[in-house]
Trainee: 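Have a look at this one.
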Amino acid sequence: MANDQQQKTDGRMPASVPEAFLERAEQAPEKIALLFDGVGYSYRQLQERSLALAAALHGSGLQPGDRVGLFMDNSPDFVGAYLGTFLAGGVVVPINTQYRQVELEHILSDAGIRVCFTEPRLAPELARVRSGLPSLEAIIETGFLLEGFLAGHGEQRSIMPSGDAIAIIAYTSGTTGRSKGAMLLHRNLISNIQAVCSAWQWSATDHLLLTLPLFHVHGLLVGLNGTLVSGASVELRRHFDAAQVYNALRSEPITMFFGVPTMYTRLLAEAELRTEPPRPIRLYVSGSAPLSPQTFHTFEQVFGQPILERYGMTETGMNLTNPYNGEHRPGSIGMPFPGQEARVVDVRTREPVGPGTVGEIEVRGPHVFAGYWNQPAATAESFTTDGWFHTGDLGFVSDDGYFTITGRAKELIISGGYNIYPREVEEVLQGCPGVAEVAIVGHPDGDLGERVVAAVVRSDPSLTTEAVVAFCRSRLASYKKPREVFFVDALPRNALGKVQKHILSAQLDSGE
Ligand code: MCA
Ligand code: AMP
């Protein structure tokens, strides 16, 4: 077996997540790293599986830097394919399993994905778009096709990626309507997760309950990476189910739970049905969307613990956090993780502003991505010359250093922790027969935080809400579909013809 892994003898820090993971596997091979469907997988087993996948990818002709899609639900195979791609020198492109034709065509072609791992239930979605994707050489379904792929390639060979290599291209929706691939380097990922582990005192004794999808940054770059780098264990679930999570919190040795605010409001609703309180755990973390102070306080009353809120982005991983040992301030996202910086700037002058003044939040540090894949202009626009990244989030910092988000400079709807860019939905619905004009806005929603609402001007008076929703669903991820459709005579526009969404929202609110 030819193995290019560097053996560390000089005590330096690992340069990548796979390097840190292999070290953990050497230190404690029999320790359970992952629990899934009641089955435990040790660090050794994960290591063997990842190396076998790396060997098979090599054997199939994958070259360093080639892109590998992971269009998969949470499972041990996801973890194996993730680490295996890294150890083959490949670049992971995680793909939300709700994505459909429009998103799949764009991501698979834009990233030039060569190999895509998927599930039998999702393979037909890839088959539908495959003819337009000349770079896509192989679709590998989990189950016997994956086992055949592993068996068909013998010699084990792995590459230890350098810190400067691209680890992940993570697609983040954009104001242009087409999502952009954020290039995260191995050194971005390792430095960010080390900062997270240090701030939250994540150690090998922790046991995380993870119900977030692995195809987004919250689940993958925090939940999974943190587990592997700290040598801890994770109980991975296919998806979030409030009753099951409540049961697990009562009966299993969980020390941490990470969720989006919708998960916390659903856990509170679940608690109302129960007589037995959950057991205290070391750490509840919320992120990806604003956690309302009301949810924070009610959760503290019912669960007896304050939630720690933190703030992240696909382009940066985790940016700010409430202090583990200090005050968890409701409504605030806290302060920068160790080794990272944040500031607030005036949106027009771009000059830093003082405490209490609202402006755009900018971040800088070793965690910040290297730019957008094949989009130098978008990359240049996103950074200052001295490396500050414009987050597009508005907020202020208090005298004692706590940041608070007050709004967004970017037009974005966050529904249950998923991001939806109105323009993408508008572009699709513009093609719906019977639609003359359409505008998408977000409305407050008790469960999801915000929900997608469409205002439609009809060219065909017989067009129904159901037809609009069905058209959207067949082309885009189901969570992007409008939950309400209003038919209006005209969209409010300003003198330049731009749709005035604030007026539209007010009209929809008042039911006009
Ligand atoms: C599912 N549906 C949704 C959502 N999720 N609709 C709107 N918003 C949603 N978030 C729709 C489905 O399309 C489906 O519609 C129906 O609801 C039921 O689907 P199901 O899977 O049963 O949904 P659920 O169990 O209710 O899911 C809610 C959820 C889930 C558990 C909150 O959305 C979730 O896991 N959210 C977390 C997303 C996440 O990881 N975000 C982090 C991104 P139909 O039946 O009509 O088809 S990373 C990030 O934001 C940064 C880096 C950060 O700071 O973390
Ligand atoms: P994405 O780029 O898809 O990963 O989404 C990142 C965006 O989610 C950020 O720019 C924020 O708008 C939002 N976000 C993440 N965490 C929080 C939080 N704790 N509070 C409010 N918004 C958040």
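In each ligand, atom 1 is the first atom listed, and ligand 1 is the first ligand listed.
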Trainee: At a 4.0 Å threshold, what atoms of ligand 2 neighbour a non-hydrogen atom of Thr172?
Mentor: 2 (O)
Trainee: Using the side-chain contact (heavy atoms from CB on, under 4.5 Å) definition, which of the options Trp200, Phe258, Tyr284 pairs with Leu308?
Mentor: Trp200
Trainee: Scan Val425, Leu429, Val102 and name whichever one has a side-chain contact (heavy atoms from CB on, under 4.5 Å) with Arg475.
Mentor: Val102
Trainee: OH/Tyr246 to CG/Leu273 distance, rounded to the nearest 0.5 angstrom?
Mentor: 9.0 Å
Trainee: When the aromatic ring centroids of Phe296 and His328 are compared, is their separation below 6.0 Å?
Mentor: no
Trainee: If you measure from each non-hydrogen atom of Thr314 to ligand 2, which part falls under 4.0 Å: side chain, backbone, both or neither?
Mentor: both
Trainee: Taking only Lys NZ, Arg NE, NH1 and NH2, and the carboxylate oxygens of Asp or Glu, determine whether Arg343 and Glu341 approach each other closer than 4.0 Å.
Mentor: no
Trainee: Is there a heavy atom of Gly392 sitting under 4.0 angstrom from any atom of ligand 2?
Mentor: no
Trainee: List the steps, then state whether salt bridge (charged side-chain N to carboxylate O under 4.0 Å, His left out) holds for Arg408 with Glu450.
Mentor: CA-CA 13 Å; Arg408 297 177 202 126; Glu450 289 179 280; 3.2 Å; yes
Trainee: When you measure from atom 18 (C) of ligand 2 to each heavy atom in Gly287, Ser332, Ala409, Ala289, which option holds the nearest one?
Mentor: Ala289
Trainee: With atom 1 (P) of ligand 2 as the reference point, say which of Val285, Leu221, Asn419, Thr406 has the nearest heavy atom.
Mentor: Asn419
Trainee: Could you go through the salt bridge (charged side-chain N to carboxylate O under 4.0 Å, His left out) check for Asp393 and Lys410 one step at a time?
Mentor: CA-CA 7 Å; Asp393 291 307; Lys410 54 195 174 190; 3.7 Å; yes
Trainee: Begin from the C-alpha positions of Leu209 and Glu252 and carry the test side-chain contact (heavy atoms from CB on, under 4.5 Å) through to its verdict.
Mentor: CA-CA 9 Å; Leu209 176 59; Glu252 289 167 36; 5.5 Å; no
Trainee: Distance check, rounded to the nearest 0.5 Å: Lys180 atom NZ versus Ser382 atom OG?
Mentor: 6.0 Å
Trainee: Does the ring-ring contact (aromatic ring centres under 6.0 Å, His included) test come out yes or no for Phe389 and Phe369, once each step is laid out?
Mentor: CA-CA 9 Å; Phe389 174 63; Phe369 76 136; 5.2 Å; yes
Trainee: Within the 4.0 Å heavy-atom shell around Met313, which atoms of ligand 2 are there?
Mentor: 4 (O), 6 (C), 9 (C), 10 (O)
Trainee: Which of the numbered atoms in ligand 2 are under 4.0 angstrom from any heavy atom belonging to Glu309?
Mentor: 18 (C), 19 (N), 20 (N)
Trainee: For the pair Phe337 and His367, evaluate ring-ring contact (aromatic ring centres under 6.0 Å, His included) and give the outcome as yes or no after the intermediate values.
Mentor: CA-CA 10 Å; Phe337 278 94; His367 62 308; 8.3 Å; no
Trainee: What does the contact table look like for ligand 1 (nitrogen or oxygen on each side, cut-off under 3.5 Å)?
Mentor:
unit_1, atom_1, unit_2, atom_2, d
ligand 1, 6 (N), Arg483, NH2, 2.7
ligand 1, 8 (N), Ser415, O, 3.4
ligand 1, 8 (N), Ser415, OG, 2.6
ligand 1, 10 (N), Ser415, O, 2.7
ligand 1, 13 (O), Gln98, OE1, 3.1
ligand 1, 13 (O), Ser478, OG, 2.8
ligand 1, 13 (O), Tyr479, N, 3.4
ligand 1, 15 (O), Ser478, OG, 3.2
ligand 1, 15 (O), Lys481, NZ, 3.1
ligand 1, 17 (O), Arg483, NH2, 3.4
ligand 1, 26 (O), Arg266, NH1, 2.8
ligand 1, 26 (O), Arg266, NH2, 3.2
ligand 1, 36 (N), Gly416, O, 3.0
ligand 1, 41 (N), Gly417, O, 2.9
ligand 1, 46 (O), Arg473, NH1, 3.4
ligand 1, 46 (O), Lys481, NZ, 2.8
ligand 1, 47 (O), Arg473, NH2, 3.0
ligand 1, 47 (O), Ser478, OG, 2.6
ligand 1, 54 (O), Arg310, NH1, 2.7
ligand 1, 54 (O), Gly312, N, 3.3
ligand 1, 54 (O), Gly312, O, 3.3
ligand 1, 55 (O), Ser288, OG, 2.6
ligand 1, 55 (O), Arg310, NH1, 3.4
ligand 1, 55 (O), Arg310, NH2, 2.8

Trainee: Please state which part of Ser286 comes within less than 4.0 Å of ligand 2, counting heavy atoms only: side chain, backbone, both or neither.
Mentor: neither
Trainee: Please round to the nearest 0.5 Å and tell me the distance separating atom CZ of Arg423 and atom CD1 of Ile440.
Mentor: 13.5 Å
Trainee: Do ligand 2 and Ser288 have nitrogen or oxygen atoms that lie under 3.5 Å from each other?
Mentor: yes
Trainee: So how far is it from Gln194 CD to Leu189 CG, rounded to the nearest 0.5 Å?
Mentor: 11.0 Å
Trainee: Below 4.0 Å from ligand 2: does a non-hydrogen atom of His216 turn up there or not?
Mentor: no
Trainee: Given that the side chain starts at C-beta and the backbone is N, CA, C, O, which of these parts of Ile414 lies under 4.0 Å from ligand 2, counting heavy atoms, or is it both or neither?
Mentor: side chain
Trainee: Closer than 4.0 angstrom: is that true for some heavy atom of Val217 and an atom of ligand 2?
Mentor: no
Trainee: Is it the side chain, the backbone, both or neither of Pro290 that has a heavy atom closer than 4.0 Å to ligand 2?
Mentor: both
Trainee: Determine whether any heavy atom of Lys410 lies closer than 4.0 Å to an atom of ligand 2.
Mentor: yes
